[in-house]
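Single-structure report; data block below.
Residues take their numbers from the sequence shown, with the count starting at 1.
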Amino acid sequence: MIEFESVAHAEATLNRTLGAMELKWFEWTADVSDFHLYMMNFVFLLIIYTVAPLPSFFLDVYQISSFEKYRLQPGVHNTKSAAIKCYKDTMMLFFFVVAPLNVFSYPGFKMIGISSGIPLPSLQTAILQLVTYFIIEDYTNYWLHRWLHSEWGYNNIHRVHHEFAAPLSFASSYSHVAEMLLLGIPTFLGPAICPGHIITFYIWIALRQLEAIETHSGYDFPFSLTKLIPLYGGAEYHDYHHYIGGKSQSNFASVFTYCDWLYGTDKGYMYHKDLLRKMRKEKTS
């Protein structure tokens, strides 16, 4: 909630004129409680999860032939009924696990000091915090995901997520309840260690969700802007992990590739890529 009584009060206290975005934020949130601002994060999650996977969903279940050349597992597609069931099951988890968790975690949100008022963070500060969140999430997720591929972790928890050997975007959050709770820790660890503004928090959750949706899309588009990000894994990198399935001991990282390289868990993937490269070369020669 905005702590200032008016724009004039805010400008007098800060000893400067509010920027255009700050004026809009003041207008939108002056009478909105911090609790409702925090819960908006859940609303954004539902919207992104429902809308962002739709393009790859249609390409996959309707097997659009003109896009088959971008399919990571050509000829292997998910059925419409399986995709819809995946969406429904995940939404059940969102409403009966994530939503209550959001409510009960609100005191923690207040305690760590995520701000919701004026001033807004500078672009440089927001970018630095987001990069920090991605690095913390990626490293922590790597080790948790690696543990989930232990015999006990996979058989009792992670096997649910691997029901889709050919991943689809709706399966990005499809998981066992325990996995959703466990892998939520890396997502919130960054903001807990380096708290920022709630707008930065919104952007972080949105980007993390969009990244997971893309890497589970089942398609590798050469024109994707994420290919410009250094060390970014992407759909091809994670698709291999699903293709191998439960016995996979490769490509555990959620976003970047450096952890798998550093700890030697990319060897199977690199061998696979090298083998495909040789087969393509022999085919064209």
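- For the residue pair I157 and L148, the shortest heavy atom distance occurs at CG2-CD2, 3.9 Å.
- Taking each heavy atom of R208 and N141 in turn, the nearest pair found is NH2-ND2, 3.9 Å.
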Listed pairs under 3.5 Å, donor-acceptor, residues 222-232 side chains, sequence neighbours left out:
residue : atom : partner : partner atom : Å
S224    : OG   : E214    : OE2          : 2.9
S224    : OG   : T226    : N            : 3.4
S224    : OG   : T226    : OG1          : 2.7
T226    : OG1  : E214    : OE1          : 3.4
T226    : OG1  : E214    : OE2          : 2.8
K227    : NZ   : D220    : OD1          : 2.9
Y232    : OH   : E214    : OE1          : 2.5

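- Formation of a donor-acceptor pair under 3.5 Å by the D138 side chain with backbone atoms of V255 is found in this model.
- Using a 4.0 Å cut-off between charged side-chain N and carboxylate O, E163 and K85 make no salt bridge.
- Using the six-membered ring where Trp is involved, F109 and F201 have ring planes that are tilted, between 30° and 60° apart.
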Determine, step by step, whether E211 and H238 satisfy the side-chain hydrogen bond (donor to acceptor under 3.5 Å, both in side chains) criterion, reporting the C-alpha distance in whole Å, the side-chain angles of both residues, the deciding distance to 0.1 Å, and the verdict.
CA-CA 11 Å; E211 180 274 328; H238 194 66; over 6 Å; no
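- To the nearest 0.5 Å, atoms OG1 (T215) and NE2 (H241) are separated by 10.5 Å.
- Using cut-offs of 30° and 60° on the angle between ring planes, the pair Y142 and F252 is perpendicular.
- Annotation: F95 is in aromatic contact with F42 [ring centroid separation under 6.0 Å].
- Ring geometry for Y38 versus Y106: interplanar angle of 30 to 60°, hence tilted.
- Note that the OH atom of Y174 and the NE2 atom of H162 stand 12.5 Å from one another [nearest 0.5 Å].
- Under the 4.5 Å side-chain criterion, counting only non-hydrogen atoms from C-beta, E11 is not in contact with E22.
- Between H145 and H161, the side chains place no donor N or O within less than 3.5 Å of an acceptor N or O (distance only, hydrogens not considered).
- The shortest heavy-atom contact between E68 and G75 is OE2-N, 2.7 Å.
- In this structure, Y70 has its ring center no closer than 6.0 Å to that of Y219.
- With 3.5 Å as the limit, one finds no donor-acceptor pair spanning the side chains of Y269 and D260.
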Result block: side-chain N/O donor-acceptor pairs under 3.5 angstrom for residues 123-133, not counting sequence neighbours:
residue : atom : partner : partner atom : Å
T125    : OG1  : S122    : OG           : 2.9
T132    : OG1  : L128    : O            : 2.8
Y133    : OH   : C194    : O            : 2.6

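- What you find for I114 and P191 is that their closest heavy atoms are CD1-CB, 4.3 Å.
- Looking only at atom types and distance, the side chain of E179 has a donor-acceptor partner in the side chain of H158 under 3.5 Å away.
- Remark: side-chain polar atoms of S105 are paired, donor with acceptor, to backbone N or O of N102 under 3.5 angstrom.
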Pair H9-S6, side-chain hydrogen bond (donor to acceptor under 3.5 Å, both in side chains): steps then yes or no:
CA-CA 5 Å; H9 181 206; S6 63; 5.4 Å; no
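- Looking at heavy atoms from C-beta onward, F170 lies in side-chain contact with Y49 at the 4.5 angstrom threshold.
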